[in-house]
Amino acid sequence: MESIQTIFDIFLTTWPGFLKAVVITLELTAVSVVLGTLLGLVFALMKISKSKIFQAIANFYITVIRGTPLIVQIMFLYFGITEIVVLDAFWAGAIALGVHNGAYIAEIFRGAIQGIDYGQTEASRALGMTGTQTMRRIVFPQALRRSIPPLGNQFIITLKDSSLVYLIGVSELFAIATREAAASFKQFETYIVVGAYYLVLVLIFSALLRWYENRLDVDKA
């Protein structure tokens, strides 16, 4: 009972700081999701293109990014390239998260695009559409609908992975929790509170995703 009361007290006394951290966490997630989606689309198209050079570049990017830990990529971007460009901690973290997710999203898009029946492409070309028109009007809209469930999962992973950027000084949720725990010596209770914040954010995001999937009737895609 004492721990429950302590958790409640921590929540009441720290919510302004955590609320600001929630905003920063959502901003980090939003920037990295947009960047990751754009990179994922570009590298997916490069990987399925007929150009061997584009395929090699895409394979190199996907292999390197998926084969190295996210924390290494964050540290490399924030500390490793300072001789070339100095990035603010927020942008270093957001770009690292975006680049990291881009590799996974590229494979999601590639699988969805290649999952579309090739007969539709042949039919579109027989009707006189160019390759670009076929991709834009026929293939990609269907592939995008099929991609929504795995993309949603990847976005939720991004939200939780954003906690790693506390290591470079970004004041997101986990950073605030670490500071509060160190100041109050109530590590157990403080980490329960921050876990609850993450859980609520994930549940809200999951509910929005299910609503969007139902609206698009993704299961029939």
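None of the values given here were measured: they were computed from a predicted structure.
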**Message:** What verdict does the side-chain contact (heavy atoms from CB on, under 4.5 Å) test give for Tyr197 and Phe11, after you've listed the backbone C-alpha separation in whole Å, the side-chain angles of each residue and the deciding distance to 0.1 Å?
**Reply:** CA-CA 10 Å; Tyr197 276 104; Phe11 177 78; 3.4 Å; yes

**Message:** side-chain contact (heavy atoms from CB on, under 4.5 Å) for Leu209 and Ile148? Distances and angles first, verdict last.
**Reply:** CA-CA 8 Å; Leu209 182 64; Ile148 288 174; 4.0 Å; yes

**Message:** Go through it in stages, so that I can follow the logic: the residues are Phe174 and Tyr191, the test is ring-ring contact (aromatic ring centres under 6.0 Å, His included), and I'd like the CA-CA distance, side-chain angles, deciding distance and then a yes or no.
**Reply:** CA-CA 8 Å; Phe174 194 73; Tyr191 288 126; 5.8 Å; yes

**Asked** After noting the C-alpha distance and the side-chain angles of Trp211 and Asn214, does the key distance pass the side-chain contact (heavy atoms from CB on, under 4.5 Å) rule?
**Response** CA-CA 5 Å; Trp211 170 80; Asn214 292 332; 5.7 Å; no

**Verdict with supporting geometry, Arg210 and Glu213, salt bridge (charged side-chain N to carboxylate O under 4.0 Å, His left out)** = CA-CA 5 Å; Arg210 281 197 297 275; Glu213 288 178 12; over 6 Å; no

**Request:** Report the C-alpha distance between Gln55 and Asn59 in whole Å, list the side-chain angles of each, state the deciding distance to 0.1 Å, and finish with yes or no for side-chain hydrogen bond (donor to acceptor under 3.5 Å, both in side chains).
**Result:** CA-CA 6 Å; Gln55 289 179 18; Asn59 283 328; 5.5 Å; no

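To the nearest 0.5 Å, the span separating OG1 on Thr158 from NE2 on His100 amounts to 8.0 Å. With rounding to the nearest 0.5 angstrom, the CG atom of Leu144 is 6.0 Å from the CZ atom of Phe109. Atom OG of Ser147 and atom CG of Leu41 lie 9.5 Å apart (nearest 0.5 Å). Note: Ile65 CD1 to Phe60 CZ = 8.5 Å, rounded to the nearest 0.5 Å. The CD1 atom of Ile156 sits 11.0 Å away from the CG atom of Leu201 when rounded to the nearest 0.5 Å. The distance from atom CG of Asp161 to atom CD1 of Ile71, rounded to the nearest 0.5 Å, is 10.0 Å.
For the pair Met135/Ile113, a side-chain contact is recorded, criterion being any heavy-atom separation below 4.5 Å from C-beta on. In this structure the side chain of Ser163 never reaches within 4.5 angstrom of the side chain of Leu173, judged on heavy atoms. Using a 4.5 Å heavy-atom cutoff, the side chains of Leu28 and Val165 are in contact. The shortest side-chain heavy-atom distance between Thr190 and Gln187 does not fall under the 4.5 Å cut-off. Counting heavy atoms from C-beta on, the side chains of Arg146 and Ile116 come closer than 4.5 Å. Looking only at side-chain heavy atoms (C-beta outward), Gln142 and Gln120 come within less than 4.5 Å of each other. Using a 4.5 Å heavy-atom cutoff, the side chains of Val31 and Trp91 are in contact. Looking at heavy atoms from C-beta onward, Ile168 lies in side-chain contact with Ile74 at the 4.5 angstrom threshold.
By the criterion of side-chain heavy atoms lying less than 4.5 angstrom apart, applied directly or through intervening Ile, Leu, Val, Met, Phe, Trp or Tyr residues, Val23 is not grouped with Leu208; the two fall into different hydrophobic clusters. Cluster membership for Ile157 and Leu199, using ILVMFWY side-chain heavy atoms within less than 4.5 angstrom, is not shared. In this structure, Leu19 is a member of the same hydrophobic cluster as Ile7, with clusters built from ILVMFWY side-chain heavy atoms closer than 4.5 Å. Residue Val194 is grouped with residue Phe188 when hydrophobic side chains (ILVMFWY) are merged at heavy-atom distances under 4.5 angstrom, including chains of intermediate members. With hydrophobic clusters built from ILVMFWY side chains whose heavy atoms lie under 4.5 angstrom apart, Leu97 shares a cluster with Val72.
Pairing each heavy atom of Ala143 with each of Ala112, the nearest pair is O-CB, 3.5 Å. Scanning all heavy atoms of the two residues, the minimum distance from Ala92 to Tyr78 falls at CB-CD1, 3.7 Å. Here the shortest heavy-atom pairing between Ser32 and Ala94 reads CB-O, 3.5 Å. Minimum heavy-atom separation, Tyr198 to Leu159: CE2-O, 4.1 Å.
Each side-chain hydrogen bond (donor to acceptor under 3.5 Å, both in side chains) pair with one or both residues in residues 10-31, not counting sequence neighbours, would appear here, but there are none.
Taking the side chain to side chain contact (heavy atoms under 4.5 Å, CB included) definition, one finds that Ile95 meets it with Leu35, Leu77, Leu87, Val99, sequence neighbours left out.
Salt bridge absent: Lys186 and Glu180 never bring a charged side-chain N and a carboxylate O closer than 4.0 Å.
For the residue pair Ser124/Arg137, the side-chain donor-acceptor check at 3.5 Å is not satisfied.
Under a 3.5 Å cut-off, the side chain of Gln73 and the backbone N or O of Thr68 do form a donor-acceptor pair. Under the 3.5 Å distance criterion, the side-chain polar atoms of Gln133 are left unmatched by any main-chain donor or acceptor of Arg136.
Classification of the Phe205-Phe155 ring pair by plane angle, with boundaries at 30° and 60°, yields perpendicular.
A 6.0 Å sphere centred on CG of Leu127 holds more than 12 heavy atoms belonging to other residues, nucleotides or ligands.
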